[in-house]
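Note: hydrogens, waters and symmetry copies are ignored here, and every other heavy atom, side chains too, is used. Chain naming here is simple, since letters A, B, ... match the order of the sequence lines and numbering starts at 1 in each.
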Protein chains: 2
Amino acid sequence: MADGGTGEAAGRVTIRTVAADAGVSVAAVSKVMRNAYGVSDALRLKVEASIEKLGYRPSVAARGMRGRTFTLGVLLVGIDNPFLPGIYQGIESVTEAAGYKIMVGVGAARTPTEVQLIEQMIDNRMDGLILVATQIAGETLEHFARQIPIVVVGHHEPEAVGYDTINNHDQNGAALVVQAFHARGYTDIAYVSQSEQGDHLADVAPQRELGYRTAMEKAGLADHIRVFRLPQIGLPREDAMRQILTAKDRPRAVFCWSDLDAIPLMSEAYRLGIRVPDELAIVGYDNSPVAALPMMDLASVDQNGPLLGKLAAEALFSRMNGRKVANHLAIEPILVKRGSL
Amino acid sequence: MADGGTGEAAGRVTIRTVAADAGVSVAAVSKVMRNAYGVSDALRLKVEASIEKLGYRPSVAARGMRGRTFTLGVLLVGIDNPFLPGIYQGIESVTEAAGYKIMVGVGAARTPTEVQLIEQMIDNRMDGLILVATQIAGETLEHFARQIPIVVVGHHEPEAVGYDTINNHDQNGAALVVQAFHARGYTDIAYVSQSEQGDHLADVAPQRELGYRTAMEKAGLADHIRVFRLPQIGLPREDAMRQILTAKDRPRAVFCWSDLDAIPLMSEAYRLGIRVPDELAIVGYDNSPVAALPMMDLASVDQNGPLLGKLAAEALFSRMNGRKVANHLAIEPILVKRGSL
DNA sequence: CCCGTTTCGTGCACCGTTCTACGTAAATCA
DNA sequence: TGATTTACGTAGAACGGTGCACGAAACGGG
């Protein structure tokens, strides 16, 4: 039946199989696949029939050696970060409509791993890259950006020339929190950040810290500025948290750089019998689903992940289409007020 | 630094660039890369020096056209499922040590998407595939398994001949829950599952249901067997939950097929002022981090994701090394008892 | 009716690897 | 020393596509 013709043995159906079956040249099949110029309806029909019949799928690997792969790489910091799903979904909504596929790399928040994954994606001939919350230095990014179109999400590099950045305005997000605290009459407002280990100012935590400091000053609370730093996620952190919570001069309100820290902190407070918000007000960042649970009821800044993802994908496409000048977008986050505030 | 050397103008440094730089043949460089037989120390040193100097990295795409890519594909159901991180980490621990890279596909729990992703991975010439909690039918899997080594996690297909399956023993996990409930004196124990929409018996939810039913019968509670089905995740489900919780014959204890449902259900109970566990005992599955939060304190079955991942990766490697006979493993889950029980 | 344009289809040279087959020089054996 | 073996290195044909350059046919205007 199908592949009877040439009596070839087993194996994969390649472009040649299709060409033989349809009685046309290999180039013709290629043209149809890419719907390139110069294909008559008759030819197209013949070829499409054969493709259908044989179930032909072009090899991405082979295709990538000369043309495009129609595959984009998305590099994620990890897999359990609450703000990733929204962004991913936003990206996907755009790329799917454009007929592009996505391959994901999971970076585990370690720079060398992330670099390897980027190289891996370049070596796999992806057509473009979206890096989400990468920790890689701007200089390194410029280096990679010379090899492949890149858009970065969740990493502030407003001077970058070789790639685009899409962010929520982290400084404004922090300011929202300070203002909301202040409006409720709190003055002793602290910021809880992750360890500075390997931090760049480009990362979101320092940006939020900057926004916090600026807003505190603007509110006339400059002398109440206090910053606590927790050990990296993965290390034991209960001690550090307990220290913050049991100190005599415990702050009246804390703004956590991420729900990733706000939630454990809130849990620790609960365990210690500290009432939220009567004794301690807490606000996080990323508006993760857990924060929205009624038992948590944690106020949090929402950065609209789906929109970020959508904008990132669109920026990537426009860059892939030849735009050379860098785009740097910042969208406005909103504060989702809940009982912890 | 690295790529300064020759100050070459154009593109990428390929195997030819290296060969020219080292003054040897292309084949020689290839041999060094694959550390194949028949390379003198002198040659190897020369070539390695050039590789280092030029910062050469072989193209995975090109390599894939003839040899191996040293890349594995991992297909995940989604990105926000609490039991994925553990599994992924387990996989990674094995593959990283073996020098293999991972590319992830995110399936969104829709069969056509998943099929496309698998094809995509085959087309990208991955060396093997691990499918986590796929919904694809066994028959289709056998079809793909003829093209590429496959290991499936979180999907029961004990009769499969072309691929391996690695699972926790979902039926036993369910039995643990029923026994624990019963030991506390509860008899009116219900099971809450997801919609049967597109379900196979191979999926975990029906397996857990089976385990639940069997254990209920064994405990002499056959006439207390009750199964509720919630709408798919993504659809509005509050109504359905409220219906369960406010019914006159509300069960005394519920076992949820996943924390993904147990947590919202518990939240809804909280909102309705139903005390857990005094009025309603709840146990979930997957022991997600949220369940462990002191405010939630949700008992849950732990299936040891890291171990599952590790076993899956090991099975895949042994299969890639030529094993033909299928392996089907089931590890024993444990019940993590917490306040909700 | 002739000749310049289009339109359509094909041949073929890539892309960056792997890997088989082969040539040659050195080492071993009888 | 001549005949084998062994070790090393290389040419060149894949692999499965893309896309340029080209030729043939169809078209159309003067």
Test of ring centre spacing under 6.0 Å for F317(B) and Y100(B): yes
With heavy-atom distances below 4.5 Å as the criterion, would you say the side chains of I150(A) and L131(A) are in contact? yes
For nucleotides 24-26 of chain C, give me every protein contact, N/O to N/O, under 3.5 Å, one pair per line with atom names.
none

Can a side chain N or O of Y37(A) be found less than 4.0 Å away from OP1 or OP2 on dC8(C)? no
Let me confirm one number: the CG-CD1 distance from L308(A) to I130(A), rounded to the nearest 0.5 Å. 11.0 Å
Could you give the CG-to-C1' distance, from D41(B) to dG9(D), as a whole number of Å? 15 Å
Walk along nucleotides 14-21 of chain D from 5' to 3' and tag each nucleotide B, S or - by protein heavy-atom contact under 4.0 Å, base first, then sugar-phosphate. BBBBBB--
Take Y163(B) and V151(B) through the test side-chain contact (heavy atoms from CB on, under 4.5 Å) and record every step on the way to the result. CA-CA 6 Å; Y163(B) 54 94; V151(B) 174; over 6 Å; no
Applied to residues 117-129 of chain A, the salt bridge (charged side-chain N to carboxylate O under 4.0 Å, His left out) test, sequence neighbours excluded, yields E119(A)-R57(B), D123(A)-R12(B), D123(A)-R57(B)
Got a second to check how far E92(A)'s CD is from I102(A)'s CD1, nearest 0.5 Å? 5.5 Å
Length of the line joining Q147(A):CD and dG16(C):P, which is rounded to integer Å: 13 Å
Does S40(B) have a side-chain nitrogen or oxygen under 4.0 Å from the phosphate oxygens OP1 or OP2 of dG9(D)? yes
Whole-Å distance between dA25(D) P and L43(A) CG? 17 Å
Taking E142(B) first and then R146(B), would you say they form a salt bridge - that is, a charged N and a carboxylate O separated by under 4.0 Å? no
For T95(B) and I91(B), indicate whether the former's side chain and the latter's backbone hold a donor-acceptor pair under 3.5 Å. yes
